[in-house]
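Below: one structure, written as structure tokens.
In this text, all values refer to a predicted model and were calculated from it rather than measured experimentally.
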Amino acid sequence: MSASSGPAKGYRVRLGQLASLALVVGLFVLLTNIEPHAGGNGVVVAVTGFLLLAGMLTSELFELVKLPHLTGYIAAGVIAGPYLLHFVDHATVKRLEIVNTLALALIALAGGLELRIADVRTLARSLGLHTVVQTLLVLSTQAVLFSALGSYVDFTKNLGFSALIGVGLLWGVLAVSRSPSATLAILSQTRAKGPLSRFSLAFVMSSDVVVLVLMAATLALVRPMIEPGNAVSLKSLISVGHELLGSVSLGTTLGLLLILYLRLVGTQILVLIVAIGFALSEGLRYLRFEPLLTFLTAGFVVQNLSAQGDKLLHIIEQTGSVVFIVFFATAGAHLDIPLLTQMWPIALALCAGRFAATFVAHKVGARLAGDPPFLARWGWASLISQAGLTLGLSAVLARTFPAVGDGLRSLVVATVAINEVVGPIFFKLGLERGGEVRGGSEEA
Amino acid sequence: MSPMALLLVLLVLAYIGSLWAKTGRRRAFGSPSGIEYVVLGALLGPEVLDALSHEAMTAFEPIALVALGWLGLIFGLECGMVGERRAPLGRMSLGLFFSVVTAGTVGYVCYLLASSLHVEHQLSIWLSCALALVSVETTRHALQWISEEHMLSGSLAGLVLDLEAADDAPVLVALATLFALLSGQHEIFGQQVAPLSLAVVTIGSGMLLGGVSGWLIAKASSPVERWTILLGSVWLVSGMARSLGLSAIAATFTLGATLSAFSREAGNLREKLGHTEGAVLLPALLLAGAHVARPESELEVMLIGSALGLRVLLSFLFGLGLSYKRPETRGLGLWIGAGMLAPGSLTVLVGFAMTLRCPPEIARPALTLACVGTLLGELIGPRALKQILQRFTSAPRSPPPPRPSLEPGS
């Protein structure tokens with residue numbers, strides 16, 4: 001996904017990149033200091049271009065300190081965002097969400113394409129055990145930790161005991177969620193291959209489904225605890241069942257159609273993917289299906305039922321990179337820095353708790369599954385990142401429980417901010433330690 | 001039609017356009033200028049079937065802006081080039097001279113006509129400038145199309161291509177100036193600047209980012225990095241220009257021309273970007289067509305008619321002049337003039353850029369003139385070119401190559 005690769009770049013090139021970054025920033029400063037300017041669509045396009053260039057250049061410069069490109073993209077977004085340089089305001093960030101639609105479709109499709117049935121079979125036992133241990137341990141410890149910290153959190157300090165436990169359980173489910181986009185981004189940048197890459201990808205992708213089911217079940221369970229008078233309802237579980245089945249069916253159909261297209265036509269795949277990414281995402285929203293699962297299934301079908309998988313994956317990796325830069329830079333611009341500075345003690349405590357729980361759960365899972373030593377040592381590294389899925393779920397909670405939802409969402413934003421930055425760094429470090437990194441994207 | 005449906009239509013067109021790349025023949029697909037997509041857009045637009053509502057078109061303005069910016073980059077990269085060789089300066093200057101004379105004459109006559117009909121002075125100036133700008137360009141793509149379609153080439157083909165190699169440049173520089181003047185007074189860091197300075201900002205930002213992206217591309221280690229640099233630069237410069245009311249297509253044209261002049265990767269970039277042209281051009285032409293509106297007054301009809309008539313007349317005169325200077329083309333002056341009547345997609349895109357920026361009383365006649373002129377040129381130009389090329393081609397070339405050679409004397 002990344003723009004890096006090839007031979008190492010010397011200090012002159014790095015200086016040139018720094019100067020180019022300064023120049024791009026300077027141009028944007030000039031733009032913001034010419035009055036009057038109409039704003040509107042022009043600014044959205046200019047911001048997209050700025051985030052692309054600044055994100056790419058920052059990520060290149062971050063290579064000097066061995067940070068992943070993803071961190072560079074996010075950093076560019078944070079710096080250009082509404083809280084620092086004010087190049088990108090909230091309205092513009094909102095309008096760039098259309099890029100996210102496409103990015104998520106590409107990420108999920110690539111994720112499915114990376115899942116080879118032979119790998120999944122080999123890892124099946126390990127994945128199953130890790131999923132169970134991670135879910136139980138992280139969910140329970142995070143629920144307890146959140147409940148224990150409840151009296152220090154504004155929106156929960158006046159809640160009754162059962163309501164606090166209910167919110168704690170929801171927090172626990174959110175803590176179980178991971179970031180497929182960050183995982184794929186790092187794997188794509190490093191072109192890593194090996195047991196850690198395979199495990200991380202399979203685990204993070206499958207944990208998406210687990211989290212969706214878990215959230216539905218927890219919602220049904222905690223509703224009467226948070227809002228007394230409501231009874232336990234299985235409605236949300238049934239709705240999730242529909243969502244999952246529908247998504248998998250549609251994803252399978254899409255995968256088969258893609259195989260047909262790749263076999264019979266095989267060209268102009270980029271335009272086709274963009275069309276599918278936008279149009280199908282819109283259709284899925286209407287049908288209330290899960291886009292991530294649909295595209296993931298489609299990718300999985302193409303990879304495992306045809307010989308076209310690697311071809312499609314290569315095209316997505318080549319073309320998706322540009323979309324991913326904007327996606328993560330926008331995510332950086334989204335980060336609510338004032339909120340983070342306000343909530344950092346609680347957010348940090350919760351992140352530390354999640355980190356510890358994930359680490360311990362991985363060690364336990366690895367021992368039970370008999371994982372190879374390296375995987376046992378570094379497998380947790382890919383499980384720290386959180387991003388879009390967690391934020392999406394917190395938005396659902398905000399709608400479902402207006403009394404606590406907004407506060408919960410703010411706290412999620414603050415913790416995701418930390419995990420989104422820290423997670424990729426650990427994952428890249430793990431891949432490097434395991435010798436799985438093969439360098440950047442190859443020449444086409 | 002909902003924005004999503006429109007997006008799908010545009011993507012289908014992008015798909016069709018991307019087939020150009022597949023055939024390896026940049027222009028031998030549909031008509032040379034792609035006017036049929038403009039007509040399709042006009043039919044779908046609010047004036048005829050109203051399938052494309054104003055709201056849908058407004059929602060797609062960012063896409064239109066991005067498309068115009070990208071096409072500006074491609075035009076800039078190709079400016080002054082014929083295939084992979086630079087057109088001789090003398091011939092390019094002659095082509096530029098023709099463009100300037102045509103623009104000046106059309107603009108002046110339109111101004112006189114508008115003034116005599118009591119159009120407000122300032123509006124007369126803007127209107128005549130806008131009409132002049134869409135009366136100038138002659139597409140080299142028509143010739144390329146004929147060459148690919150009928151496997152014809154020759155010394156005359158080389159001459160015509162050289163003449164047309166750089167005639168995009170004055171149009172886009174003038175467009176940058178027009179938009180800057182329309183933008184009025186601005187302040188930069190609290191200091192008042194004259195409107196004309198904004199034309200310098202348009203061109204300067206394009207040149208600056210052209211230089212930076214050229215350097216970055218030279219140091220880039222993967223195609224993905226190169227695409228990221230190009231896309232980022234084009235979007236940044238076109239978005240900047242648009243948000244200041246300046247010309248995005250002119251800014252990216254300058255970016256492309258700078259890359260073409262200074263980057264060692266220019267040839268490679270031309271090749272790669274050429275493959276994307278169709279996919280971007282067709283949706284842009286459809287959107288342009290959808291913006292075409294009927295003239296609202298007799299004045300507009302008269303101005304459009306006059307500009308068109310003048311353009312035809314000047315083309316014939318230029319053709320006659322050219323045939324007089326070159327003995328081997330004696331007697332073919334009118335054919336050459338007719339062959340140079342074909343405006344290309346740039347003319348339509350310039351008209352389209354005006355609809356996104358200028359008041360309707362300026363943009364409406366300009367876009368209509370651009371489309372009508374292109375349609376007329378399409379009916380006459382390629383046929384005339386075929387005639388003269390057939391006389392100058394000793395033998396048809398054998399099977400169509402991926403990229404036909406249009407070198408003079410070939």
Checklist outcome for this item: Ranked by heavy-atom pairs below 4.5 Å to chain B, first place among A:S20, A:A46, A:A19, A:A54 goes to A:A46
Rounded distance (nearest 0.5 Å) linking atom [atom1] of [X] with atom [atom2] of [Y]:
{"X": "B:L236", "Y": "A:L53", "atom1": "CG", "atom2": "CG", "result": "6.0 Å"}
{"X": "B:L231", "Y": "A:T48", "atom1": "CG", "atom2": "OG1", "result": "10.5 Å"}
{"X": "B:L246", "Y": "A:I34", "atom1": "CG", "atom2": "CD1", "result": "7.5 Å"}
{"X": "B:L208", "Y": "A:L23", "atom1": "CG", "atom2": "CG", "result": "4.5 Å"}
{"X": "B:L65", "Y": "A:N41", "atom1": "CG", "atom2": "CG", "result": "7.5 Å"}
{"X": "A:Q17", "Y": "B:K219", "atom1": "CD", "atom2": "NZ", "result": "10.0 Å"}

Item to check | Note, A:V29 side chain near B:F189 side chain (heavy atom, < 4.5 Å) | outcome: yes
Checklist entry - Which atom pair, heavy atoms only, marks the closest approach of A:L31 to B:S243? => result CD1-OG, 3.2 Å
Heavy-atom cut-off 4.5 Å, strictly under: side chain, backbone, both or neither for [X] against chain A?
{"X": "B:L216", "answer": "side chain"}
{"X": "B:L10", "answer": "neither"}
{"X": "B:Q191", "answer": "neither"}
{"X": "B:S233", "answer": "both"}

Could you check whether atom [atom1] of [X] has more than 12 heavy atoms from other residues, nucleotides or ligands sitting under 6.0 Å from it?
{"X": "B:K272", "atom1": "NZ", "result": "no"}
{"X": "A:Y286", "atom1": "OH", "result": "no"}
{"X": "B:M207", "atom1": "CE", "result": "no"}
{"X": "A:L264", "atom1": "CG", "result": "yes"}

Checklist entry - In terms of heavy-atom proximity below 4.5 Å to chain B, should A:L57 be classed as side chain, backbone, both, or neither? => result side chain
Item to check | Steps toward side-chain contact (heavy atoms from CB on, under 4.5 Å) verdict (A:V47, B:W235) | outcome: CA-CA 8 Å; A:V47 162; B:W235 290 349; over 6 Å; no
Item to check | Top contributor to chain A contacts, counting heavy-atom pairs under 4.5 Å, from B:V237, B:I229, B:V234, B:V193 | outcome: B:I229
Item to check | Verdict with supporting geometry, A:L27 and B:M240, side-chain contact (heavy atoms from CB on, under 4.5 Å) | outcome: CA-CA 9 Å; A:L27 260 182; B:M240 266 185 77; 3.9 Å; yes
